[in-house]
2 protein chains.
Amino acid sequence: MPGMTTTPEQIIVDSILDSIADQKLRAGTKLGEQSLSEIFSCNRTQVRRALATLTGYQVVEHIPNRGAFVVTPSERGARDVFQARQAIELTICENVAQSENLPDFAPLYENIEAEGRAIASGNRPEAIRLSRKFHLILAALGENSVLERYLEELTMRSSLILGLYGGDTESQCASEDHRRIVAALEARDTQAAQSEMRTHLRHIEAAVDFSGARKPTGALSGLLTRR
Amino acid sequence: MPGMTTTPEQIIVDSILDSIADQKLRAGTKLGEQSLSEIFSCNRTQVRRALATLTGYQVVEHIPNRGAFVVTPSERGARDVFQARQAIELTICENVAQSENLPDFAPLYENIEAEGRAIASGNRPEAIRLSRKFHLILAALGENSVLERYLEELTMRSSLILGLYGGDTESQCASEDHRRIVAALEARDTQAAQSEMRTHLRHIEAAVDFSGARKPTGALSGLLTRR
DNA sequence: GCAACTAGGATTGTGAACAATTTGTGTTAC
DNA sequence: GTAACACAAATTGTTCACAATCCTAGTTGC
């Protein structure tokens, strides 16, 4: 696309979101305005806008006169997120399974393959990243812009939760769960797809353990991957 | 609450949202920065922040170098909104019906009474406003902050859609629909409550008619109710 | 040694001036 | 009379300096 300029704000937002999804940026990390403006070599105003956007995503918490921090999810909040995901993703399953013209499942299968490789090679951040991607691709096939946008936020918050409180074994079964979901969708079996999705989300939530929390890191030195 | 200062930004946001819900601000209306800063006698910076927040709510559209406008909902967008509402509100019904300690239904009944009065007196904006309020009270009882926040946005967009494309008869049955929903919830009958909710949402959506659209007004003279 | 207080530095918040873009108006050419 | 152009006014976008607030370190008093 000619003339498609990516604004600094978009770059900052995407970069921070990626870093959170990859668990390079952990909960509680302070996102100082000056630090970010230096990292991305841009004005402080643009950093400010980016942080405002992230606050809207509920991924960054803004405390007046203190600054912006990566949110620390609460147990209650985590429960709410997963319940909302279920409500939304079951509807997406229905949409996909009952869509007029059969959607293209190839990207989903490709993603599942990549997931399998990431898990096999023990690349946990990449596995989480691809798992999220799977749900977003599925959401796009659902053809509902509202549900799609909400799920973008919810998967982001899920990644943050898993990064903080997730066990080490949750990714193992994800790839298989995903495969079963797609199979049911391809067979246009709404009930089965929803059932698989419910099971899958239960698996994810079961991996969350609030008793043993990872400690938040403090500084953002080389954490942000400049895109 | 001592020390509870309402910032100008919050005042502007609430005021505009109210005016939209009350259909005083119609789709396509330009929200000029200077006009707003004069109306609310504050800085342009604060107006800017308020408009950014509203853009996040998907209620205001921001066009670069042109300004902010109240969005004009599309037919597709309306469909998406109502489907998302169904997914979310059915879950809320389930939460309320199956909540541990029986919630307080009094505010809901009070609201229904007020609705009935508004409809009887032919006060359409007030009826829409109270109808929205009903769903928000219900959402609060659902005890899921995510669903609550999403429904706040969706009911707002619904009000805008009804204001633009709504017929004149949709409010008539709303009060009765609401009463039936609460009755089912009070009986802790999840299935019945969800069924009533589904019917209710269908009623609302059926009232939307895209063939005969109301014309958007242009100026925001005395449209904004200073709070 | 510990608590409270104080000054310094750093960070966030605000407002106003300046730049860039668009819109509306009036003029001119055909 | 219409279309194209040019200029002026208004509106949005950006930058920067200054004000307000918070955190840290150091000091004093007990």
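All heavy atoms count here, side chains included; hydrogens, waters and symmetry mates do not.
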[options]: which one has an atom nearest the side-chain heavy atoms of [X]?
{"X": "A:Arg44", "options": "D:dT12, D:dC16, C:dT12", "answer": "C:dT12"}
{"X": "A:Arg48", "options": "D:dT15, D:dC22, C:dT14", "answer": "C:dT14"}
{"X": "B:Arg49", "options": "D:dG13, C:dT12, C:dT14", "answer": "C:dT14"}

For [X] and [N], is the shortest distance between a side-chain N/O and OP1 or OP2 below 4.0 Å?
{"X": "B:Lys30", "N": "D:dT12", "result": "yes"}
{"X": "B:Asn43", "N": "C:dT14", "result": "no"}
{"X": "B:His62", "N": "D:dG13", "result": "yes"}
{"X": "B:Asn65", "N": "D:dT11", "result": "no"}

(request) Mind listing the closest non-hydrogen atom pair of B:Ile137 and B:Pro107 along with its distance? (result) CD1-O, 4.1 Å
(request) Taking all heavy atoms of B:Thr72 and all of B:Gly28, pick out the closest pair and write down the distance. (result) OG1-N, 3.8 Å
(message) At 4.0 Å (heavy atoms only), tell me whether A:Arg66 reaches a base, stays on the sugar-phosphate, or touches nothing.
(response) sugar-phosphate
(message) If we check side chain to side chain contact (heavy atoms under 4.5 Å, CB included) with A:Leu25, which of these qualifies: A:Leu31, A:Leu160, A:Val60?
(response) A:Leu31
Can you measure [X] atom [atom1] to [N] atom [atom2] for me and round it to whole angstrom units?
{"X": "A:Ile63", "N": "D:dT21", "atom1": "CD1", "atom2": "P", "value": "17 Å"}
{"X": "A:Glu33", "N": "D:dT15", "atom1": "CD", "atom2": "P", "value": "15 Å"}
{"X": "B:Glu9", "N": "C:dG13", "atom1": "CD", "atom2": "C1'", "value": "13 Å"}
{"X": "A:Gln34", "N": "C:dG13", "atom1": "CD", "atom2": "C1'", "value": "15 Å"}
{"X": "B:Gln46", "N": "C:dG13", "atom1": "CD", "atom2": "C1'", "value": "10 Å"}

(message) I'd like to know if A:Arg157 pairs up with A:Glu153 as an ion pair, taking the criterion as any Lys NZ or Arg NE/NH1/NH2 lying under 4.0 Å from an Asp or Glu carboxylate oxygen.
(response) yes
(request) For A:Pro64 and for B:Gly67, locate the closest nucleotide of DNA chain D by heavy-atom distance; then report the residue assigned to the nucleotide nearer the 5' terminus. (result) B:Gly67
(message) Can you tell me how the ring of B:His200 sits relative to the ring of B:His135, calling it parallel under 30°, perpendicular over 60° and tilted otherwise?
(response) parallel
